[in-house]
Structures are given as structure tokens and as C-alpha cells.
Amino acid sequence: MRRLDALSAGGWLFGLLFAALSLTPSLIPRDVIVQGILSGCTFAAGYGVGVFLEWLWNFLELRWPNRRVARWVGRLCAAACLVLTVAFLWFWTGWQNSIRDGMGEAPLEATQPLLVALVAVLPATFLIGLGTLIVGGVRVLAHWLERRIPRRVALVGAMLLVGLATATIGDGVIARGLFFGADRFYGNFDRLVGISDPQPDDPLRSGSAASLIAWDTIGIDARVYVETGPTADDIAALTGKPAQTPLRVYVGLRSAETPEDRAALALAEMDRIGAFDKKILALIMPVGTGWAEPAAIDTLEILHGGDVASVAVQYSYLTSWLSLVSEPDIGVETARALFNAVYERWRAMPPERRPRLYLHGLSLGAYSSAASTSLYDVLSDPFDGALWVGPPFASAAWRSITANREPDSPVWKPRIGQQTTVRFANSGADLEGDAPWGPVRIVYLQYPSDPIVFFDWSLLYREPLWLSGTRAPSVSPLLNWYPVVTFLQLALDMALAQTAPIGFGHVYAPQDYLDGWVAVTLPDGLTARELEDLKAKLTRHGPRGRIDGGWFRSAR
């Protein structure tokens with residue numbers, strides 16, 4: 001007991017409490033390894049909170065009326081938290097299955113609480129050791145300063161100096177070094193993977209011998225966008241009507257030096273292939289790695305019989321969630337350069353001859369696309385609409401519009417005025433109806449279980465609005481908010497958002513893209529029955545029971 005009392009009672013108390021709460025469900029289901037890492041990190045966070053509160057109590061020179069009673073109360077509370085942690089470990093499988101059940105996933109059958117606890121030891125030990133090292137540095141520096149200044153002033157000064165040094169090294173050296181290393185890794189991966197792929201034969205494709213864009217400057221994700229789109233025959237086979245082959249332009253991050261140069265190159269390539277002669281023109285901002293979601297582009301091209309031209313410009317090599325955390329504005333400059341270049345050309349065309357202009361982006365691409373222009377700048381001659389999918393929580397446009405929703409609408413499905421310009425949808429079915437639109441149609445498609453949309457830094461200390469009031473059906477009824485813990489849960493959920501089944505998390509389904517484009521672009525020549533048949537073809541199940549997104553390759 002004396003040895004246990006020598007440790008931080010507050011640290012163990014809060015550490016066990018936080019670890020127990022981390023076992024409760026969040027937005028994305030977790031496996032044993034991931035849960036162990038999360039529990040270890042939350043234990044370390046709780047331990048740090050407890051140690052700080054204990055130090056603050058002593059620093060303020062507060063005393064318990066009876067030290068022996070206080071010691072036993074601390075022991076009993078720590079024991080209660082230990083029992084709570086063991087109980088929550090036992091319930092963890094059922095809680096995770098509550099999320100899986102809502103997503104139509106197979107339940108976890110094995111209960112492995114011991115493995116979760118063992119995995120948690122590693123991150124907890126590392127982080128507590130790191131914290132102990134920092135505290136030791138404060139003590140050494142404070143002891144040195146005490147020779148020259150008052151003791152308490154020395155302690156506060158040491159805390160500020162060590163804190164500043166830790167933040168500088170952590171953010172300015174370690175974090176930036178890691179992000180730089182990740183950027184180099186993904187950049188080399190983007191350059192080397194697929195380097196032996198043959199150049200496209202079709203002269204209308206970016207990277208072909210006739211193209212203004214060099215093939216070796218287009219990375220692996222861009223090549224998927226360039227090479228795997230539907231042909232006229234593919235579209236005709238799906239719709240039963242004559243079709244054209246869509247046009248796609250892609251400019252890689254290595255294709256030109258600056259965002260303005262890349263936008264100018266994209267515009268020149270569009271002129272070369274006749275993109276402005278199509279009925280529909282879509283400006284696409286890809287996700288961080290340069291990925292343009294095939295389901296988003298393919299469905300637009302199918303709906304309009306291939307009479308579509310689209311252009312995408314890469315702005316990063318990092319995955320979206322890393323870019324979102326490190327530099328969320330990285331794509332805004334590129335998005336603005338592309339929009340300004342294309343918009344000026346489009347605006348100069350006679351209205352009766354120019355294509356209908358639409359904006360699109362998924363995830364960080366939605367963030368950048370929404371920031372590419374302001375409606376106030378284009379009111380005299382606005383673009384026709386936008387489909388923004390999975391907008392990140394940091395998007396200023398999304399936050400502003402959501403904050404100005406009708407008071408009786410929930411934050412996870414806002415209603416904006418008479419919904420003549422902006423509409424929010426949790427699925428494509430939410431967009432069905434005959435409500436009148438204005439001249440500009442903007443749709444935000446967001447799943448309530450998408451942590452990239454609903455994460456917020458304020459989760460550290462405040463319950464989010466999407467957990468209060470009416471709760472979205474896809475959010476587990478067992479999900480509750482806890483300070484610090486829920487913040488860490490959602491931060492991990494962001495990294496896992498792509499592991500959710502199609503139709504949940506950050507994995508948006510083809511049928512929802514289809515309905516979104518129907519609402520935004522109003523395709524001609526397709527009846528309601530034909531649209532339903534088309535949707536059924538696009539959502540058939542693949543060999544593993546999941547929705548098959550590669551319908552063109554499987555249909556050939």
C-alpha cells in the first residue's frame with residue numbers, strides 16, 4: 001500500500017477512469033488493436049490530468065482534514081475505477097457491435113478484454129514516460145532558477161520555458177519533420193508506383209502523346225481518374241441510349257511549378273480537347289493524395305450520356321486527414337487559381353453556347369472547392385451549382401451555413417431558409433421531392449457517422465450539438481460525450497473513417513452521388529423509372545457482399 005501511495009493517486013484515478021470511458025462506442029467501430037492503442041493514450045491523458053490536479057492542490061497548499069481518511073478514500077476511488085475499467089472491458093464487445101449493427105456489419109463474436117489491456121500498456125507507458133521526462137525537466141530548471149529568483153516564480157518560469165521548448169520542438173521540429181517525411185514518402189510513392197504503366201493511346205486523354213501534360217507527372221491516383229472512366233459504349237449499355245465518351249483533364253502536382261501555372265496548363269488542355277463544347281463542365285478538387293472518387297465522376301457522366309467534361313488539379317501528396325490536421329488550406333490556392341482561370345473563359349462565352357458549370361469536391365477537396373470562390377463575386381453571372389461531399393469540420397463555408405440553419409433543424413441535417421440554393425442531405429433519398437430551386441443549386445452530402453465532418457477541437461471541453469436533441473439514426477444511442485475522451489475517440493475515428501462500410505463514415509455510396517447529381521444538374525431525357533433502374537445497376541453487390549464500385553470493369 002505504501003508503494004502504491006508513493007505513486008500519483010490522482011493520476012491512477014483519472015487514468016483508469018479515462019481508459020474505461022474510452023471503451024464506450026463512438027462513430028466508427030474499432031478492433032482490438034485499435035481499441036488498445038486508444039485506451040493506452042486516454043489512460044496517459046487521464047494520468048496527466050490527475051497528476052496536474054494533484055500538483056495544483058499541493059501548490060495551493062490545501063490540506064485534507066484527515067490525511068489517513070484521505071489516503072483510504074483515494075485507495076477506494078482508485079479501486080472503484082479499476083473495477084469500472086474491468087467491467088467496461090467486458091462490455092466493450094457489445095458496445096462495438098451496437099455500431100456494427102447500425103452499419104449492417106457482422107458482429108464481433110470473441111471477447112478479448114485481456115488483449116485490449118495488454119496493447120494499451122505500450123502507448124500508456126511511452127506517453128507517461130515522455131510526460132515524466134518533461135516534468136523532470138521542469139524540476140531541474142526550477143531548482144536552478146531558485147538560486148536567483150523566488151521559489152514559486154522559479155517554478156512558474158520553469159513551466160513556461162519547458163512548455164515553450166516542448167511546443168517548439170514538438171510542433172516545429174518533430175511534427176513538421178514527420179509531416180515532411182510523410183509528404184516525401186507519399187510523393188515518391190506517387191511518382192514511382194505505376195511508373196511502367198504505358199502512356200494512353202487516346203489523344204483526348206491527359207498524358208497521351210498529344211497531351212500538353214507529361215505522363216510521368218501524373219501520379220497513380222490521377223491515372224485511375226484518367227484511364228478508368230466509362231466510354232460511350234459503357235454508358236449506352238447502362239442507359240440504353242446513345243452516348244458520347246466523356247472528357248477528363250488532370251494536372252499533377254509535378255506538371256507545373258505553381259498553382260497558377262497548373263491552372264493555366266489545365267485550361268490549355270481543356271481547349272485542346274474541346275472541353276468547353278460539352279453540355280456539362282465540372283471543376284473537381286481531389287482529396288489530399290490527388291484521388292478523384294470514381295463514383296462521383298462516373299455517375300455524373302452516366303446521367304448526362306457522356307456529354308461531360310471534367311478537370312482536376314492535384315495540390316498535395318498527403319492523405320486527407322493528415323492534410324486536414326497539418327495544413328487544411330493547402331488546396332485553397334489551387335482551387336481558386338483553377339476556378340478563376342476557367343470561370344473567366346466560361347464567362348466570356350455567349351450564354352447560349354457555354355456549358356453548365358459545376359463545382360465538386362470530396363473531403364478536403366470539398367473544403368478547397370467551397371473556398372475557391374464566393375457567391376458575392378459571381379452574383380452577376382453565377383456558376384450553376386455544386387456537389388460537396390463529406391465537407392471537413394474546418395471548412396469555413398460549411399460552418400457558416402450550418403450555424404445559420406433553421407432553429408428546428410438538427411446540426412447533422414440543417415435546413416437553410418426555403419432551401420432554394422443550399423440543401424443538406426444524409427443520403428441521396430433526402431434530396432427527392434418537388435421543392436423549387438433557385439438559379440444556383442448547392443448540395444452538401446454528409447453522413448452523420450462521418451467523423452471528418454463532425455470532429456471539432458471543442459470536443460475537448462464541450463458536448464457537440466450533434467449529440468444533443470434529436471440524434472441521427474446511424475449514430476449509436478450508447479455514444480455519450482466525455483471531456484478529453486470523446487475528443488481522442490473522434491480523432492482516431494478520423495483516421496479510421498475510410499474503414500467503414502460503404503454508406504457510412506467517410507465512404508460515400510454511388511447511389512448517393514447519383515441522387516446528388518440529379519438534384520444539382522437536373523439531367524434531361526431520363527424518367528423516374530429509368531433513374532431507379534440505373535441506380536439499381538450502380539448499387540449491385542460485389543463478390544464480398546459489399547457494393548461494387550467498379551461496375552464498368554465488371555460490366556464489360
Side-chain angles (χ1 to χ4, degrees), residues 14-15 17-28 30 38-39 41-50 52-53 56 99 127 163 167 170-171 175 320-330 332 363-364 366-368 370-371 388 390-416 424 426 444 446-472 474-497 505-506:
F14 280 89
L17 179 61
F18 278 33
L21 295 177
S22 73
L23 296 162
T24 58
S26 56
L27 292 177
I28 303 296
R30 301 184 288 272
L38 174 64
S39 295
C41 292
T42 52
F43 178 89
Y47 190 89
V49 170
F52 172 76
L53 293 177
L56 183 62
I99 309 175
L127 292 174
D171 180 60
S320 281
W321 73 272
L322 280 175
S323 296
L324 183 61
V325 172
S326 62
E327 42 188 3
D329 291 328
I330 188 172
V332 173
S363 191
L364 196 60
Y367 178 108
S368 302
W388 290 319
F393 66 93
S395 174
W398 174 84
R399 294 176 73 91
S400 175
I401 294 172
T402 301
N404 289 283
R405 69 188 183 280
E406 293 296 312
D408 60 338
S409 62
V411 70
W412 45 269
K413 190 179 176 182
R415 189 176 70 257
I416 310 301
F424 284 79
N426 298 149
Y444 280 97
Q446 56 189 35
Y447 290 156
S449 57
D450 189 346
I452 289 179
V453 177
F454 292 105
F455 176 84
D456 197 285
W457 298 108
S458 65
L459 284 166
L460 269 171
Y461 56 86
R462 185 175 62 202
E463 181 179 11
L465 293 176
W466 49 269
L467 275 182
S468 60
T470 304
R471 183 173 297 198
S474 58
V475 176
S476 172
L478 301 176
L479 195 164
N480 294 296
W481 173 79
Y482 306 102
V484 181
V485 175
T486 304
F487 171 86
L488 294 175
Q489 286 179 319
L490 267 292
L492 184 59
D493 282 348
M494 283 203 297
L496 299 175
H506 202 58

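Just the heavy atoms: all of them, side chains too, but no hydrogens, waters or symmetry mates, feed the values below.
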Residue pair [X] / [Y]: nearest heavy atoms and the distance that separates them:
| X | Y | answer |
| --- | --- | --- |
| Phe14 | Leu53 | CZ-CD1, 3.7 Å |
| Ile452 | Gly390 | CG2-O, 4.5 Å |
| Ala397 | Tyr444 | CB-OH, 3.9 Å |
| Thr24 | Leu21 | OG1-O, 2.5 Å |
| Ser26 | Asp493 | OG-OD2, 2.8 Å |
| Pro448 | Leu27 | O-CD2, 4.0 Å |

Practice task
Report the C-alpha distance between Phe424 and Ile401 in whole Å, list the side-chain angles of each, state the deciding distance to 0.1 Å, and finish with yes or no for side chain to side chain contact (heavy atoms under 4.5 Å, CB included).
Solution key: CA-CA 10 Å; Phe424 284 79; Ile401 294 172; 3.6 Å; yes
Does [Y] offer a backbone N or O that forms a donor-acceptor pair with the side chain of [X] under 3.5 Å?
| X | Y | value |
| --- | --- | --- |
| Ser395 | Pro392 | no |
| Trp398 | Tyr367 | no |
| Gln446 | Pro391 | no |
| Arg405 | Thr402 | yes |

Nearest-0.5 Å distance that lies between atom [atom1] in [X] and atom [atom2] in [Y]:
| X | Y | atom1 | atom2 | value |
| --- | --- | --- | --- | --- |
| Thr486 | Leu479 | OG1 | CG | 7.0 Å |
| Phe487 | Trp481 | CZ | CH2 | 12.5 Å |
| Gln489 | Leu23 | CD | CG | 8.5 Å |

Handout entry: Note, Trp412 side chain near Val453 side chain (heavy atom, < 4.5 Å)
Key = no
Practice task
Report yes if some heavy atom in the side chain of Leu488 is under 4.5 Å from a heavy atom in the side chain of Ser22; otherwise report no.
Solution key: no
Kindly list each side-chain donor-acceptor pair under 3.5 angstrom involving residues 462-470, sequence neighbours excluded, with atom names and distances?
| from | atom 1 | to | atom 2 | distance (Å) |
| --- | --- | --- | --- | --- |
| Arg462 | NH2 | Ser458 | OG | 3.2 |
| Trp466 | NE1 | Phe454 | O | 3.1 |
| Ser468 | OG | Leu465 | O | 3.0 |

Practice task
List in chain and number order the residues that pass side-chain hydrogen bond (donor to acceptor under 3.5 Å, both in side chains) with Arg471, two or more places apart in sequence or in another chain; answer none if no residue qualifies.
Solution key: none
Practice task
Could you give me the CA-CA distance, side-chain angles and deciding distance for Arg30 and Leu492, then say whether side chain to side chain contact (heavy atoms under 4.5 Å, CB included) is met?
Solution key: CA-CA 10 Å; Arg30 301 184 288 272; Leu492 184 59; 4.2 Å; yes
Exercise for the section: Over 60° means perpendicular and under 30° means parallel, so classify the ring planes of Phe455 and Phe393, tilted if in between. Expected result: perpendicular
